[in-house]
Amino acid sequence: MLGALGIDSVDVLFEDIPAAMRARDLDLPDALTELELAARLSELASRNRVDLDSFLGAGVYHHYIPAAVDQIVSRGEFYTAYTPYQPEISQGTLQTIYEYQSLIAELTGLPVVSASHYDGAAATAEAALMAVRATGRERILASRAIHRQYLDVTRTYLGDATLRLDELPTGPDGVTDLAALETALLSDAGPVAGVILGQPNAFGVLESMTDAAGLAHRAGALFIAVIEPISLAVLSTPGEYGADICAGEGQPLGIAPQYGGPYLGILATTEALMRQIPGRLVGETRDLDGRRAFVMTLRAREQDIRREKAASNICTNQALCALAATTYLATIGPHGLRDVAALGAARARELERALEAVGAPRIHAGSYLNEFCVRVPHAQQVHQALLDRGILAGLPLARWYPDDAQLSDGLLVCATETTTLGQIERFAATLREVMA
Amino acid sequence: MLGALGIDSVDVLFEDIPAAMRARDLDLPDALTELELAARLSELASRNRVDLDSFLGAGVYHHYIPAAVDQIVSRGEFYTAYTPYQPEISQGTLQTIYEYQSLIAELTGLPVVSASHYDGAAATAEAALMAVRATGRERILASRAIHRQYLDVTRTYLGDATLRLDELPTGPDGVTDLAALETALLSDAGPVAGVILGQPNAFGVLESMTDAAGLAHRAGALFIAVIEPISLAVLSTPGEYGADICAGEGQPLGIAPQYGGPYLGILATTEALMRQIPGRLVGETRDLDGRRAFVMTLRAREQDIRREKAASNICTNQALCALAATTYLATIGPHGLRDVAALGAARARELERALEAVGAPRIHAGSYLNEFCVRVPHAQQVHQALLDRGILAGLPLARWYPDDAQLSDGLLVCATETTTLGQIERFAATLREVMA
Amino acid sequence: MTIDAPPAATARGAGPALQPTLAELSRPGRGGGKVPHPPSDALDGIPTELRRASPLGLPELNEPAVIRHFVNLSQLNYSVDAGFYPLGSCTMKFNPKVNEWAARLHGFTQLHPLSPDQLAQGTLELMFDLQSELAEIGGMTAVSLQPAAGAQGELTGILMIRAYHQARGDDDRRDVIVPDSSHGTNPATASMAGARTVTVRSAPDGGVDLEVLRRALGPTTAAVMLTNPSTLGLFERRIEALLEAVHQAGALAYMDGANMNAVLGRFRPGDAGFDVMHLNLHKTFSTPHGGGGPGAGPVACADRLAAYLPGPLVVRDEAGYRLERPGERPTAIGRVRAYQGNVGVLVRAYAYLRAHGAAGLREVSEDAVLAANYLRARIGEGYQLPFGGPCKHEFVASASALRRDTGVRTLDVAKRLIDHGFHPPTIYFPLIVDECLLIEPTETESVDTLDAFAEAMLAIAREAYEDPDRVKAAPSSAPVRRLDEASAARQPRLRWSSAR
Amino acid sequence: MTIDAPPAATARGAGPALQPTLAELSRPGRGGGKVPHPPSDALDGIPTELRRASPLGLPELNEPAVIRHFVNLSQLNYSVDAGFYPLGSCTMKFNPKVNEWAARLHGFTQLHPLSPDQLAQGTLELMFDLQSELAEIGGMTAVSLQPAAGAQGELTGILMIRAYHQARGDDDRRDVIVPDSSHGTNPATASMAGARTVTVRSAPDGGVDLEVLRRALGPTTAAVMLTNPSTLGLFERRIEALLEAVHQAGALAYMDGANMNAVLGRFRPGDAGFDVMHLNLHKTFSTPHGGGGPGAGPVACADRLAAYLPGPLVVRDEAGYRLERPGERPTAIGRVRAYQGNVGVLVRAYAYLRAHGAAGLREVSEDAVLAANYLRARIGEGYQLPFGGPCKHEFVASASALRRDTGVRTLDVAKRLIDHGFHPPTIYFPLIVDECLLIEPTETESVDTLDAFAEAMLAIAREAYEDPDRVKAAPSSAPVRRLDEASAARQPRLRWSSAR
Ligand SMILES: Cc1ncc(COP(=O)(O)O)c(C=O)c1O
Ligand SMILES: Cc1ncc(COP(=O)(O)O)c(C=O)c1O
């Protein structure tokens with residue numbers, strides 16, 4: 001190629017970099033052959049401890065992932081394609097996104113679903129910004145009982161300028177204080193764009209979403225639900241309780257925990273808000289011969305077309321994770337999904353009984369699905385002692401809620417369909433031993 | 001479907017089974033859901049100990065398998081197809097088999113390669129039967145230094161009737177005794193159809209294949225080489241030393257050890273013997289429009305056409321393993337293959353030095369590539385003691401050669417490109433400790 | 001170098017394109033980076049005369065080229081994962097993905113076949129359980145998992161029968177009787193085992209002709225090999241009399257159990273009196289076919305043959321599971337495989353068994369037989385059905401009337417099915433049926449798929465009358481049209497020329 | 001239910017067929033067997049009013065149907081694994097397979113993001129090393145691996161810049177200046193961060209017009225965002241003066257480093273004076289694009305901004321590696337992700353980095369730039385090249401003459417490329433070039449492929465003169481022809497109707 005270009009060194013092609021700015025040699029570890037690289041990476045992977053009996057959830061859950069899911073997402077035709085800009089040769093990606101939208105619409109009861117956001121937290125933040133855009137208001141109310149990280153990210157996204165986020169307190173039963181919500185909606189801190197509650201909330205407790213939605217709507221605010229998708233197989237849906245937007249983490253739908261990502265930010269809304277939703281949308285259409293086909297649509301909301309007026313800056317998203325979720329839902333089916341949700345609930349009740357019996361009772365009275373908080377004296381030390389015995393006893397809450405006395409000795413624990421009765425027994429027995 | 005057939009129970013369709021012969025309910029373990037099945041299989045897999053530093057080879061080797069290989073053989077389009085009876089929709093399988101044949105021809109120096117046999121042992125047995133067919137003679141001479149299991153299988157295949165297999169002795173240097181071969185060829189036990197030697201042989205020692213081939217040919221016998229394919233990157237090829245047939249185990253070419261299979265029986269021969277070779281052959285041809293395409297050919301040798309006159313009964317073969325080998329060779333390339341062979345040899349020489357230094361010298365004087373026998377007093381106990389310390393010290397030979405005093409304290413050890421210097425040091429140090 | 005395939009350029013949009021060969025893609029200097037370089041003196045220990053003299057002319061490619069090559073080639077294949085594959089006699093059922101996952105578990109794949117038993121307890125337990133469960137399914141006493149395929153299972157069985165007769169001094173029993181409907185591996189196996197093959201004509205109903213069989217049986221008969229259900233998809237109705245005749249003649253009965261998918265939990269060959277059989281795990285137990293293999297063909301036998309099974313079997317004692325030791329069962333016929341069998345295939349079959357259990361396996365056969373009978377009825381609307389029903393897991397149809405009336409042959413029908421998006425059935429097999437189509441839908445196909453296939457078959461039959469040349473010119477939509485098979489055989493080109 | 005797609009029957013032979021939707025494939029009672037059934041009282045603890053009232057109308061399929069559906073859909077896609085994908089600005093290089101293997105290792109995938117540090121030492125070490133190595137590549141001090149994509153990296157960087165100005169009491173700096181050639185995410189990011197976007201016109205040579213920029217800079221300027229090399233594939237030649245002007249105005253310089261594939265080991269933005277940048281791991285470091293994502297967009301910054309990086313970073317102390325604790329770096333702008341980032345993507349990027357080392361990375365850029373310049377010269381034989389060379393990793397061409405002479409537009413050229421077996425380049429972007437084609441070959445393509453692509457482009461140009469309607473009717477060989485995008489937007493149908 002050098003010859004064809006009439007040059008004798010590739011250096012010629014880099015002469016546009018000012019001499020003063022040319023880099024010195026990079027100081028990086030030596031290149032490895034694939035054999036050596038594989039050994040290095042195996043060794044790193046084996047240094048992680050993933051063999052404990054884990055009761056840790058808190059927004060990310062260990063679910064069984066059918067083998068079919070990995071077979072599909074490992075297909076090069078899917079994972080080495082990019083954004084389907086050329087629909088004629090991208091019907092695979094386009095149809096799976098359309099199917100994803102349809103499945104999540106069915107699950108959430110909200111008809112308009114975007115093709116994916118970075119994660120549940122970013123989707124929540126985008127939902128808040130969406131409420132701001134849709135209402136022209138600048139204030140968001142969010143329950144303190146949505147995941148801490150989601151609150152953090154939403155606050156980061158809202159920035160420091162004109163937008164503001166106020167937290168709503170929870171009562172001793174673990175449920176968001178709706179009286180406080182009512183007061184906040186009427187306060188003179190400014191009209192509220194959106195109210196955000198989680199279902200189940202960050203303590204695993206179930207909220208009165210219908211009531212909260214009613215209060216929000218009466219004040220002209222949008223109601224935003226932060227959901228966990230598998231729970232929607234059995235819990236009332238955002239569509240049913242009148243949410244305007246729902247956001248959530250799609251990780252439970254066939255995506256491994258992998259220390260934080262890639263995950264799947266779910267974002268869904270009503271027909272009325274369709275043109276406000278950020279991110280990709282795929283729609284059905286026809287080709288010149290009348291064949292059904294799929295295409296990216298309502299593109300005028302996106303950054304590459306609208307630039308500074310776009311609904312969001314999102315470009316690369318989490319499409320392959322959406323494909324994993326689509327494959328997961330197609331494989332597990334409606335009955336399977338209900339079984340997953342209900343079996344997790346059943347195991348969690350076993351867990352509650354077992355822990356209570358050894359002196360670790362629940363903290364909150366509110367009902368729960370598959371995750372709840374227990375009180376354990378010296379929670380942090382007990383947690384460490386259990387770790388040493390091969391048990392990951394959920395999340396110590398003091399670190400995340402340092403100012404909350406009720407939670408200072410709290411552990412947030414969960415069960416899923418992968419939790420065995422044997423693990424529960426061992427947890428309880430070991431806890432008794434450690435606390436003694 | 002029952003309705004369409006006008007029956008109300010599927011039992012009607014089984015009435016052709018005589019009543020007296022209908023089976024009672026099967027006594028099998030209960031069905032498992034996929035989640036439970038995955039847990040059971042993970043548990044079984046984890047019960048195998050594959051974390052030791054292993055110096056065990058003896059015909060099956062731990063080589064690095066580039067990740068590309070598994071990506072390709074995991075494609076449903078390849079592994080869920082069957083024999084390419086319909087070439088118009090099987091060009092994928094057909095072309096990869098043609099490529100496999102071409103690559104193995106290049107490696108072995110023999111132009112006609114069958115599409116795969118069950119394993120190296122079955123290929124050796126088929127080679128022996130092929131020699132019988134081609135020469136009309138009924139006696140096979142095989143070095144005792146081909147893998148014991150290959151001798152066993154060949155003996156089984158030759159049956160007990162008219163065909164007979166005689167073993168050739170080896171000298172103290174580990175090399176097949178060519179004087180004995182000469183004598184055997186002339187003995188009055190009957191004319192010899194084929195002479196089989198391994199290269200490297202079962203002790204890791206390199207044979208004088210050219211000389212052996214010369215002797216065989218002079219007696220009108222065919223010469224059959226049992227080869228290890230990676231060694232052919234650096235060792236003289238069957239084509240070069242005049243073998244008529246070569247058989248070998250293709251496992252080193254990108255196939256995991258998996259406790260014995262599936263592996264890849266390599267079988268190659270000369271143009272002259274093309275119509276004698278058992279198993280599938282794929283050839284190049286054209287379609288009606290003149291496009292190059294591939295098709296199964298010379299099918300008149302196969303069982304589905306020739307029935308009792310077929311060259312072999314083989315039907316299902318090891319095609320996917322041949323695909324793995326094809327992908328492996330394409331990925332690793334000629335330079336890479338040479339590196340694999342030479343690096344194994346280099347590590348083996350380190351291993352020899354290290355073991356010799358702690359008092360475990362080689363048994364044989366013959367040259368070797370990457371595997372050799374060492375003498376260790378109380379080999380069997382030492383082997384067990386090393387196992388307890390996480391080292392799999394090759395193969396104790398006494399079990400396989402109970403009548404051979406030279407080998408009673410022998411261990412057959414090997415190194416490959418995956419063997420690290422650290423492992424070699426630890427082996428030697430631990431051996432010293434254990435022998436003390 | 002010329003690339004005869006159409007340039008990649010013209011075809012991708014239109015579906016997968018033919019590909020150049022690896023040799024044509026090779027460019028000097030490409031590749032590398034997979035393993036470290038050896039020291040330069042690595043081979044100094046090898047005498048020159050033992051070293052390779054000819055250049056190692058393997059193609060040089062980098063990983064992107066390799067991946068693209070094989071991904072594109074794969075798309076030229078028809079596969080069960082992409083469509084209906086009613087290849088009779090082959091049981092192309094769906095291959096559950098969890099089985100693939102399991103077979104790739106590090107603990108299974110990295111185990112060396114000569115590992116001491118203490119390191120192999122996981123795989124040994126799996127094999128032990130599988131031996132027992134296959135014995136239960138076959139109604140047999142003992143099982144060897146060694147054979148790599150059905151044909152190797154047959155060879156094993158016939159060698160066991162020979163050993164049995166010999167042990168009784170019955171040296172003259174060297175004949176093996178097979179019906180003319182039998183699978184080609186049966187007679188080929190007999191020959192390979194050094195036996196004389198005696199072929200007996202089938203009765204008009206497709207079953208064994210008892211009279212003919214009785215006449216063939218005698219003091220030199222070692223065994224009768226019976227495929228049941230047969231390759232015509234029929235259960236052998238005269239089986240009681242048949243087995244009695246065989247045993248009365250002092251011969252043993254071998255059952256080719258490749259078609260057990262039809263009768264799981266309904267019929268146990270051991271109960272019925274068969275002495276030995278093989279099972280095709282790659283058919284009945286859903287291990288994938290791999291473009292031709294690997295499979296596994298375990299042999300199960302009744303008590304009186306157990307002593308002859310090839311070793312090593314997996315046994316259990318106080319210390320756990322272990323392989324039989326050399327010489328432990330001295331009457332064994334010897335190994336048929338270097339090691340323990342196609343273990344990766346066994347893992348998949350074990351997974352399939354455990355996923356189904358007794359009731360599930362019975363349902364498999366019910367569904368397979370129901371699907372076959374349903375499809376048979378539908379295909380019968382336009383094709384001949386030479387044998388009465390019900391069929392078992394597959395059935396034979398014939399295009400003889402079509403051929404007579406229109407000149408369109410079974411081969412043409414098959415090729416035209418490709419244009420309709422289906423893999424053709426097995427054709428011209430069994431050899432005893434004129435213009436034969438052997439169709440096996442399997443239990444994993446939906447009625448929608450069966451209907452779509454039947455519609456296509458019937459549409460082709462109509463088209464044969466209206467526009468026979470169109471059918472004869474098929475396929476028109478596959479990556480290639482019909483091939484010149486004759487010149488491929490006349491002047492075989494079995495590899496690229498090594499001068500690159 | 002009607003299935004609008006052509007029946008599977010007509011198309012498989014001819015290449016992949018359009019597929020029915022999952023809903024259309026659904027049949028009541030299918031599926032199951034994946035997880036155990038719960039006890040019947042499992043949900044008794046949930047008050048009725050909190051339970052789902054509407055039926056759960058998900059499709060019911062069994063695994064064979066699911067696999068076949070997605071396998072067939074996948075074959076409707078064009079992908080890097082199957083062909084050349086010169087999508088400008090996207091760096092569609094080959095994705096090495098060992099990286100995929102690594103990212104799927106059990107120890108990596110099963111690690112919960114809230115695991116105590118002591119359980120996460122492997123991943124933490126990997127992330128720590130990756131932070132350091134990316135900092136070295138960028139010539140920066142510190143790196144956050146949190147951002148999930150380039151756009152999120154941009155948002156992070158602009159928020160950091162805001163925090164920096166505010167910490168200095170410089171509250172009025174709310175303007176972000178971007179050139180009109182910038183990637184759309186740049187202005188969109190500025191708006192999202194609450195800034196005012198100021199767009200400046202590019203100079204005729206494609207670079208920033210210094211005079212225009214100087215006029216735009218002022219006391220309200222928070223930052224200038226510069227894509228370098230630019231989306232025109234040009235290195236910003238006036239970069240020294242430009243950075244000086246920015247800093248003199250008291251503003252900070254953000255570099256969109258999505259195009260670092262052009263200058264690895266040749267140019268370190270930190271050395272040059274940029275204050276903060278992001279890297280697109282899914283471009284430069286070969287992590288696959290996933291049909292739209294996921295990627296990762298780490299942010300690297302110079303010393304003065306390190307305090308503002310979002311937490312938690314990975315740090316090392318006596319006990320090993322750990323995440324920063326909440327509040328440990330109080331000036332941090334806060335999280336932008338719930339957890340630590342797209343770790344699965346980071347594993348792949350780390351593998352890529354370690355496979356290459358310093359010399360290898362430099363070679364990557366050399367090869368990418370060489371390929372782009374070579375292809376540029378070849379494409380120039382038939383298309384306009386609006387800017388002078390050399391280009392970096394990509395280049396802009398224009399079909400303006402073609403349009404003028406024949407009416408064939410860039411869109412038509414792109415669609416016709418599909419018939420030639422290639423993925424079209426990026427078109428009509430950057431917006432500032434008439435009939436724009438943005439072409440990025442990447443370093444992993446061979447000269448054979450580049451030549452084949454160039455030939456196709458030139459053939460299309462010739463065809464435009466000879467038979468323009470044929471070009472305008474393209475593609476003719478893809479699974480579908482051109483789509484009615486207008487009515488898709490007018491009456492959006494974004495899901496199947498839930499009444500099945
Ligand atoms: C009835 C029957 N018997 C025997 C065989 C041979 O089995 P294999 O192909 O596994 O050797 C087959 C299949 O091919 C078969 O269908
Ligand atoms: C120059 C440039 N900047 C920014 C981006 C945005 O990156 P991402 O898609 O990862 O959000 C892209 C790519 O899409 C790009 O090419």
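Just so we're clear, the structure is a prediction, and the values are computed from it rather than from any experiment. What's counted below: heavy atoms across the whole structure, side chains too, no hydrogens, waters or symmetry copies.
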Partner chain C: residue of T449(D), I67(D), L76(D), N62(D) with the largest heavy-atom pair count (under 4.5 Å): I67(D)

Side-chain heavy-atom pair S446(D), R30(C) within 4.5 angstrom cut-off: yes

Contacting region of E445(D) [heavy-atom separation from chain C under 4.5 Å]: side chain

Nearest heavy-atom neighbours spanning A82(C) and N72(D): O-ND2, 2.9 Å

More than 12 heavy atoms of other groups within 6.0 Å of R470(C) CZ: no

Whether R68(D) side chain and V80(C) backbone form a donor-acceptor pair below 3.5 Å: yes

Side-chain heavy-atom pair D448(C), R27(D) within 4.5 angstrom cut-off: yes

Side chain / backbone / both / neither for S74(D) at chain C, heavy atoms under 4.5 Å: neither

Any donor-acceptor N/O pair, E63(D) side chain to K97(C) backbone, under 3.5 Å: yes

Heavy-atom contact with chain C under 4.5 Å, split by part of P64(D): both

Heavy-atom pair of closest approach, residues D81(C) and V71(D): O-CB, 3.7 Å

